[in-house]
Structure formats: C-alpha cells, structure tokens
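For reference, the structure is listed below as structure tokens.
Every chain is numbered from 1 and lettered A, B, ... according to where its sequence line falls, protein lines coming before strand lines. Values in this document were obtained by computation on a predicted structure and should not be read as measured data. Any value given below was found using the heavy atoms of this structure, including those in side chains, with hydrogens, waters and symmetry copies removed.
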Protein chains: 2
Amino acid sequence: MKKSNLSPFSLSFKDVESFFNLDKIKQLYGIHKNLTWEDIKILVKIAKFRRYRNKSYVIEAGEKNTNVFFIFKGLVRSYKVNEKGDEITVSLYRENQFFLSAECHLYQNKSSFYFECLEPTFACFADVTKIQEILSRDKKVDETREFVSLKIFQQNYERINSFVLLTPEERYLDFVEKNPDLNQRVPNKYIANVLGVTPVSLSRIRKRLAMKKE
Amino acid sequence: MKKSNLSPFSLSFKDVESFFNLDKIKQLYGIHKNLTWEDIKILVKIAKFRRYRNKSYVIEAGEKNTNVFFIFKGLVRSYKVNEKGDEITVSLYRENQFFLSAECHLYQNKSSFYFECLEPTFACFADVTKIQEILSRDKKVDETREFVSLKIFQQNYERINSFVLLTPEERYLDFVEKNPDLNQRVPNKYIANVLGVTPVSLSRIRKRLAMKKE
DNA sequence: TTTACAAATTATCTTTTGTTAACGTTTTCC
DNA sequence: GGAAAACGTTAACAAAAGATAATTTGTAAA
C-alpha cells in the first residue's frame with residue numbers, strides 16, 4: 001500500500017538558501033563559472049517544492065511528466081516492471097542530483113518507469129519548458145546547464161563502459177568505492193539490478209569477496 | 001602491422017555537397033529546423049577531410065585528440081586493451097555518425113581507447129574549440145548541435161537500459177534488428193564485445209537461436 | 001515483547017558464460 | 001598460387017549466474 005504525497009508548496013528565498021548547498025553543487029558538477037546565489041534565484045522562483053514520503057512515487061508509469069527534478073535530500077529509484085511482473089531497478093538518484101523521465105522528455109511518450117522514493121525525500125521541480133524559457137534569457141545559467149548535462153553524459157558513458165569492460169564483481173567493487181554510503185542506504189536487491197545481476201547473485205558475489213579478504 | 005593514413009585535405013563545397021546527405025542526417029537526428037546546405041557551409045569550411053585505410057587508426061591510445069569526427073562512409077570501432085592484453089571493443093560508429101574521444105573531451109585526458117577503421121573510411125573532423133567558436137556565433141547551427149547531442153544521449157540511455165533489462169540473447173536480437181547490415185559488416189567478435197559477452201558465447205547464442213527457429 | 005513482514009542468505013539444480021584449445025574455413029599478403 | 005594469419009565454430013571443463021524455494025536475519029508494527 002503506497003501512501004499519498006504531500007502537496008507541492010512555495011518557499012521564500014531565505015528558506016531555500018538555507019538548505020541549498022551551492023558550493024557542493026558547483027564542485028559536484030565541475031562548475032567553474034562565477035555562479036552565485038543571485039543567479040540561481042531566477043530558477044528557484046519558478047520551482048515547486050515538495051516533500052515525499054518514503055515509498056511514495058515521484059513519477060508513476062503511464063504518466064507524462066516533463067518536470068526536471070532536483071533532490072535536496074533523500075533517495076529515488078527508477079524501476080520498470082517486466083513481463084514476468086518483476087520490478088527491475090535501473091537507476092538510483094540521490095541528494096544534489098537531477099533526474100527526469102527520459103521517455104517523457106526525449107520521446108514525448110508516457111513514462112514506462114516508476115520513480116519511487118527509498119527514503120523520505122525533499123525535492124524541487126519545474127517543467128522543462130519553463131526552465132528553457134529562463135535559460136534562453138539568462139546566458140550564465142544556461143552555461144551552468146551545460147556543466148550539468150556534461151556530468152550526466154559522463155556518468156552514462158562510464159556506466160556503459162563498466163558493463164562492457166568489467167565483470168559483475170568488478171562493477172560491484174566500483175559501485176561500493178564510488179558510493180560507500182549508498183551501499184548502506186539502499187537495499188541490496190536494488191543495487192543488484194543496477195549492476196545488471198540478480199539479488200541472489202549479488203549475495204554470492206559479496207560472499208566470494210568476503211572469503212578473498214581473509 | 002598497421003598502415004599509415006593518408007593526409008587530410010580540403011575540398012570544394014561542391015565536392016562535399018555531392019556526398020553529404022543532409023536529408024538523411026536531418027532524419028537520423030530528428031532535426032526539424034529549416035536547416036539548409038548554406039547553414040552547414042560554415043562548418044564545412046573549417047573541417048578537414050581524410051580517407052582512412054582499412055585497419056588504420058583515427059585516434060590512438062595515449063593521444064590527446066579533441067577533434068569531433070563525422071563519418072561519410074565506412075566504419076570505426078573504439079576499443080581498449082585490458083590488463084590481460086585483450087582488445088575489448090566498446091562501440092561501433094558508422095556512416096552519418098559522429099564520434100570523439102570522450103576522455104579527451106570530458107576529462108582533458110589522453111585517450112585510453114583506440115579508434116580503428118574496420119573498413120576504408122572517409123570522414124571529416126574539426127577541433128572542438130573551433131566548432132564552438134562557430135556555434136557561439138551561429139544560433140541556427142548551434143540548435144542543430146542540440147539535436148545531435150540529444151540523439152547521442154538517447155542512444156546511451158537505451159544502451160544502459162539494455163544491459164539492465166535484457167539478457168545477452170535479447171541484446172543480440174535487438175542489435176540485429178536495429179543494425180541488420182552491421183551484423184554482416186562487422187566481425188562477430190566485435191559485436192560480442194559491444195553486447196558485453198565473449199565471442200565464444202555469442203557463437204553459442206547464435207546457435208541456440210538457430211535451433212529455436214526450426 | 002511478540003508478531004508479522006520484508007530482506008538477505010543459503011541450498012539445490014539448471015542454464016549460461018568464461019576459458020582454453022582444437023578444427024575447419026576464409027581472408028590476407030607475399 | 002601458397003603460406004600465414006584471422007575468424008567462427010565447436011568441444012570440454014570450470015566458474016558463475018539464473019531460478020526457485022527454504023531458512024535465517026532484520027525491521028517495523030501491534
């Protein structure tokens with residue numbers, strides 16, 4: 001049984017500034033520009049804020065959702081239900097990360113994925129057309145978008161390489177190294193899916209690794 | 001033994017127009033803009049053209065190459081040599097496709113991948129900084145770049161999904177369906193790598209599928 | 001604390017894959 | 001044309017993964 005979400009709400013600039021870690025974001029996305037809080041305000045103005053309960057949906061399959069989401073706090077997984085009825089988790093999104101339904105944005109389709117919170121999550125979002133309006137007028141913020149796009153491209157590129165070049169075991173070690181906290185926060189079965197193996201298989205990989213260590 | 005390449009050369013607009021299939025490109029990349037041959041000329045002007053022999057390198061590992069390449073005719077594979085000394089092919093690039101060294105562009109690093117022609121290949125290329133100069137001045141062409149980026153993002157997204165959601169057998173069927181000609185043109189061992197399996201395993205997959213059909 | 005449910009591990013068995021090597025076929029290059 | 005190299009297939013064996021079910025562990029609700 002999935003609980004309903006709380007409603008979106010607006011926030012004062014001061015409120016938002018208090019939990020918006022600009023330095024951290026600039027570091028994460030390699031933003032070298034002299035980007036200030038004042039630059040971002042124009043985006044904050046159109047954003048809606050929302051708290052999501054644990055296990056609630058940000059986007060449901062069948063929905064046409066063209067919002068761009070940004071997570072302040074919490075954790076979201078995207079998953080698909082296959083023909084057998086199994087949920088397969090494809091991606092995890094964490095604090096300071098953006099996510100959106102690629103199907104809704106790239107193909108103007110309904111989403112075939114669910115976006116479900118794995119923790120109580122606090123996020124903001126805005127429709128992509130509204131964002132683009134602003135970006136077309138504000139060159140500085142638009143350049144920032146470039147950094148974010150680049151980072152996401154980079155992550156996708158590395159993930160493809162990991163599937164071709166690494167074994168499941170190596171992918172798991174890589175995941176743990178890069179996301180030591182997620183390894184604790186995320187149920188194992190979801191991590192298994194993300195790595196392209198079954199939960200049972202990941203359990204065995206962990207056992208093998210534990211044996212090796214001794 | 002790898003042969004050396006022929007030298008890059010310039011071409012007249014008329015020459016280029018004759019083998020540059022703008023309609024095909026617009027269709028492939030979903031470019032809805034009223035893009036004309038005249039718009040592209042500005043890019044053609046700075047591009048260098050080059051014929052590559054079969055098995056020659058477009059980019060070699062250890063090189064710092066920030067060119068963006070576009071293939072008119074031919075086929076290129078990107079591969080990496082792992083610790084065991086095996087070549088692992090990660091991607092295939094064909095006519096009307098762009099490619100570049102992600103490492104050189106995203107990380108300002110040397111390439112750890114080789115880009116090798118699997119056929120006699122005819123391509124053009126230009127350094128990314130020169131391209132960006134032009135794009136910053138010509139809005140129409142810059143919007144076209146957006147379409148191309150989107151298409152590449154889309155392809156990467158689908159490839160990640162295929163690794164998580166599909167079995168190797170399903171990935172192979174998907175590859176054949178989407179690239180019936182490549183299945184003929186590309187040696188099987190490279191296709192196997194791209195799908196994330198060994199050549200021996202792909203051979204067995206093909207056999208299993210042949211058995212099923214009867 | 002007890003109960004109930006979900007998650008992780010373990011076990012068993014089957015299927016698939018990796019690895020190495022052999023074999024026949026095709027291609028490449030003198 | 002003929003030797004050498006490259007390719008795809010097949011075989012044999014070991015290792016790993018998928019599927020299913022049972023068991024244990026952990027967590028949350030009553």
Side-chain angles (χ1 to χ4, degrees), chain A residues 1-3 53-56 75 77 79 82-89 92 116-120 162-173 175-176 182-213, chain B residues 1-4 53-56 75 77 79 81-89 92 116-120 163-173 175-176 182-212:
Chain A
M1 197 87 68
K2 306 277 177 173
K3 291 171 185 169
R53 292 185 212 278
N54 187 17
K55 294 183 184 174
S56 69
L75 198 54
R77 73 169 176 127
Y79 73 89
N82 66 13
E83 323 76 45
K84 293 183 209 154
D86 301 325
E87 295 179 0
I88 310 292
T89 299
L92 298 168
E116 182 200 43
C117 298
L118 296 182
E119 295 176 359
S162 80
F163 279 116
V164 177
L165 298 169
L166 305 181
T167 63
E169 183 171 316
E170 291 168 328
R171 278 202 295 282
Y172 172 68
L173 287 170
F175 178 87
V176 173
L182 283 195
N183 196 35
Q184 308 298 324
R185 285 161 69 185
V186 183
N188 251 274
K189 54 180 182 169
Y190 302 141
I191 295 176
N193 286 165
V194 168
L195 299 176
V197 296
T198 60
V200 177
S201 189
L202 178 57
S203 186
R204 286 186 288 226
I205 288 171
R206 287 152 70 91
K207 193 179 183 181
R208 279 204 303 270
L209 288 170
M211 301 276 282
K212 280 185 192 171
K213 268 194 176 173
Chain B
M1 197 84 71
K2 305 278 178 173
K3 292 173 186 167
S4 66
R53 290 186 213 277
N54 187 18
K55 293 183 183 176
S56 69
L75 198 54
R77 73 170 177 129
Y79 73 89
V81 179
N82 66 13
E83 323 77 46
K84 291 182 211 154
D86 301 324
E87 295 181 359
I88 310 290
T89 299
L92 299 168
E116 182 201 42
C117 298
L118 296 183
E119 295 176 359
F163 281 117
V164 176
L165 297 169
L166 305 181
T167 63
E169 184 172 314
E170 290 168 328
R171 278 203 295 283
Y172 173 67
L173 287 171
F175 178 88
V176 174
L182 284 196
N183 195 34
Q184 308 299 323
R185 286 162 67 184
V186 183
N188 250 274
K189 52 179 182 170
Y190 302 141
I191 295 176
N193 286 165
V194 169
L195 299 177
V197 296
T198 59
V200 178
S201 190
L202 178 58
S203 186
R204 288 187 286 225
I205 288 171
R206 287 152 70 90
K207 193 178 185 182
R208 279 204 303 271
L209 288 170
M211 301 276 282
K212 280 185 194 173

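As rounded to whole Å, 15 Å separates atom P of dT9(D) from atom CE of M211(B). To the nearest angstrom, C1' of dG18(C) lies 16 Å from CG of L166(A). Atoms CG (L118(B)) and P (dA6(D)) sit 15 Å apart, rounded to a whole Å. Atoms OH (Y172(B)) and P (dT17(C)) sit 13 Å apart, rounded to a whole Å. For the pair Q184(A) CD and dT27(D) C1', the computed distance is 16 Å after rounding to whole Å. Atom CD1 in I191(A) sits roughly 13 Å away from atom C1' in dA7(C) (whole-Å rounding). Rounded to an integer number of Å, the gap from CD of E170(A) to P of dA17(D) is 11 Å. Distance CG (L209(A)) to C1' (dA8(C)): 16 Å, rounded to an integer number of Å.
Side-chain proximity of Y190(B) to the nucleotides dC7(D), dA7(C), dA17(D) is greatest for dC7(D). For K189(B), whose side chain is taken as the heavy atoms from C-beta onward, the closest listed nucleotide among dA7(C), dG18(D), dA6(D) is dA6(D). Counting only heavy atoms from C-beta on, K84(A) has its side chain closest to dA19(D) among dT16(C), dA19(D), dT10(D).
Regarding contacts with the backbone of dA17(D), every side-chain N or O of T198(A) stays at 4.0 angstrom or more from both OP1 and OP2. Not one side-chain nitrogen or oxygen of R206(A) sits closer than 4.0 Å to the OP1 or OP2 atom of dA7(C). Taking 4.0 angstrom as the limit, R208(A) places a side-chain polar atom (N or O) nearer than this to OP1 or OP2 of dA17(D). Distances shorter than 4.0 Å separate some side-chain N or O of S201(B) from OP1 or OP2 on dG18(C).
Residues I88(B) and V164(A) meet the side-chain proximity criterion, which asks for heavy atoms closer than 4.5 Å. Looking only at side-chain heavy atoms (C-beta outward), L75(B) and V186(B) come within less than 4.5 Å of each other. At least one side-chain heavy atom of E169(B) sits less than 4.5 Å from a side-chain heavy atom of L209(B).
Among the heavy atoms of the strands lying under 4.0 Å from P168(B) are primed sugar atoms or P, OP1, OP2 only; no base atom is included.
For the atom pair CG (N193(A)) and CG (D86(A)), the distance works out to 9.0 Å, reported to the nearest 0.5 Å.
Each of E169(A) and V200(A) lies near DNA chain D, and the nucleotide nearest E169(A) is the one positioned closer to the 5' end.
In this model, a side-chain donor or acceptor of R204(B) finds a partner on the base of dG18(C) within 3.5 Å.
Each of I205(B), L166(B), V197(B) was evaluated against Y172(B); a single residue qualifies, I205(B), per the side chain to side chain contact (heavy atoms under 4.5 Å, CB included) test.
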